[in-house]
Peer 1: 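Sharing a structure, written as structure tokens. Questions coming.
We count ligands from 1, going down the list as the structure has it; atoms in each ligand are counted the same way. In this chain, residues are counted from 1 in sequence order. Values below: all heavy atoms of this structure, side chains included; hydrogens, waters and symmetry mates excluded.
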Amino acid sequence: MKRFPAFDPPEYASWQADPALVRVFRDTIERDPERRSLVDNLTQDDHRALYAGLLRTRLHDITLKRWVRTGVLSKAWLGTGEEATTVGPVHALERKHDVVAPMIRNAGAVIEMGMSIADALRAYLATGDSPSRGRDLHVGNLGRGVLQPISHVGDMVPVIAGIALTFKMKGERRVALTWVGDGSTKSAAAHEGTNFAAVQRLPAIFIVQNNQVALGTRLEQHHLPGTFADWAASYGVWGASFDGNNVLDAWAATRLAALRCRAGQGPALLVATTFRMGGHATHDEREARETFPATLFTEWGKRDPIGLYEEYLKEAGWSASELETVEAEVAGEIERAEAEALASRDRMPAGEAALVGIYANGR
Ligand SMILES: Cc1ncc(C[n+]2csc(CCOP(=O)(O)OP(=O)(O)O)c2C)c(N)n1
Ligand SMILES: [Mg+2]
């Protein structure tokens, strides 16, 4: 994809494919027979959609970053480098049927579930026509299967468990999914929700998004076991891990988890290993570089989920111009969404609007 030296992490701006990592990308899918057979059945359109989803998510974030640099916004929370952990799982669900609760790092889920990109951007601008009418930058629309989260980390776990409970009680073969950051696994709410889903055998998928950091706290400072390998077993639920920078592995692992949920086999706890290529938000990117040794950025920078998937697709016979066509379409979508969102700034909510629409049953 086109790189953006002014906004991309430096490792991405000068990204070159490392053949060994491209091989690992393929081996990761091929060594697991179940995942491999699922991936083998993906159509060209499925691949196109996954690739477009990754691009949309990256370009959504690039737009936000440009807005921060040009003074449109003071701050934005980005998911750079973690796009595959969001996009793969969403595409593995039955959209319009299943429900997700995206955390701030999962903006791509909002878009890939079918909400408009312009609305996702409007949420940041707090315009009167944004999804929460200017109240919150967290985005959701249950009509699209997206639960608008609150900022309290871990709290979507019991809520998603509750939604999964209603699916089970109504005998609906639907799945509810949320992501839990490595840091958020330490919250009481995440523990309660995971355990409740476990003992009630609910059709819920919890993805531990281990990006190695929580705000400015490195994984080893808040998580003594080093990995989350035993996490699922400690709750007595089925679990699996996936490469959080490999969109096909993320897709296949989640598809298998969803099949289990729909078959009434209880929740799934997936562990995605990835890395936050930026700061917690745009304000602390320099501090983030000081939080970790530089080599970690170098190593993870080589594993750009978009670059690696492009190389995989090229090996599978896609031409550079086919990829460029998808990219041009997505870039056009983002440009139009950006213009629409910016135009909404003449529709800022009136102050008194804060007093209405608070309760569901009246004004
Ligand atoms: C209950 C609660 N405590 C603290 C915070 C402040 N906070 C926001 S994000 C964050 C770190 C989350 O880290 P992690 O779960 O690893 O997710 P990541 O930001 O890495 O995606 C914290 C502590 C919060 N939002 N909610
Ligand atoms: Mg984290």
Peer 1: Could you tell me which residues satisfy ring-ring contact (aromatic ring centres under 6.0 Å, His included) with H91, sequence neighbours excluded, listed by chain and number?
Peer 2: none
Peer 1: Could you enumerate the protein N, O or S atoms under 2.8 Å from the Mg ion (ligand 2), written like residue then atom name?
Peer 2: D182 OD1, N211 OD1, V213 O
Peer 1: Hey, what's the ring geometry for Y309 with H47, parallel, tilted or perpendicular (30° and 60° as the breaks)?
Peer 2: tilted
Peer 1: Determine whether H223 and W231 make a side-chain contact, defined as any pair of heavy atoms from C-beta on separated by less than 4.5 Å.
Peer 2: yes
Peer 1: Does the T282 side chain pair with the main chain of A76, one donor and one acceptor, at a distance under 3.5 Å?
Peer 2: yes
Peer 1: With a 4.0 Å heavy-atom cut-off, what residues sit around ligand 1?
Peer 2: R105, S151, H152, V153, G181, D182, G183, S184, N211, V213, A214, L215, H280
Peer 1: For atom CZ of R173, is the number of surrounding heavy atoms from other residues, nucleotides or ligands below 6.0 Å larger than 12?
Peer 2: no
Peer 1: Under the rule for salt bridge (charged side-chain N to carboxylate O under 4.0 Å, His left out), what residues qualify as partners of E324, not counting sequence neighbours?
Peer 2: none
Peer 1: Could you give me the CA-CA distance, side-chain angles and deciding distance for E112 and R56, then say whether salt bridge (charged side-chain N to carboxylate O under 4.0 Å, His left out) is met?
Peer 2: CA-CA 9 Å; E112 295 307 298; R56 245 179 238 120; 2.9 Å; yes
Peer 1: Would a distance-only check, ignoring hydrogens and angles, find a side-chain to backbone donor-acceptor pair under 3.5 Å from R276 to G278?
Peer 2: yes
Peer 1: Between R105 (side chain) and H280 (backbone), is there a donor-acceptor pair under 3.5 Å?
Peer 2: yes
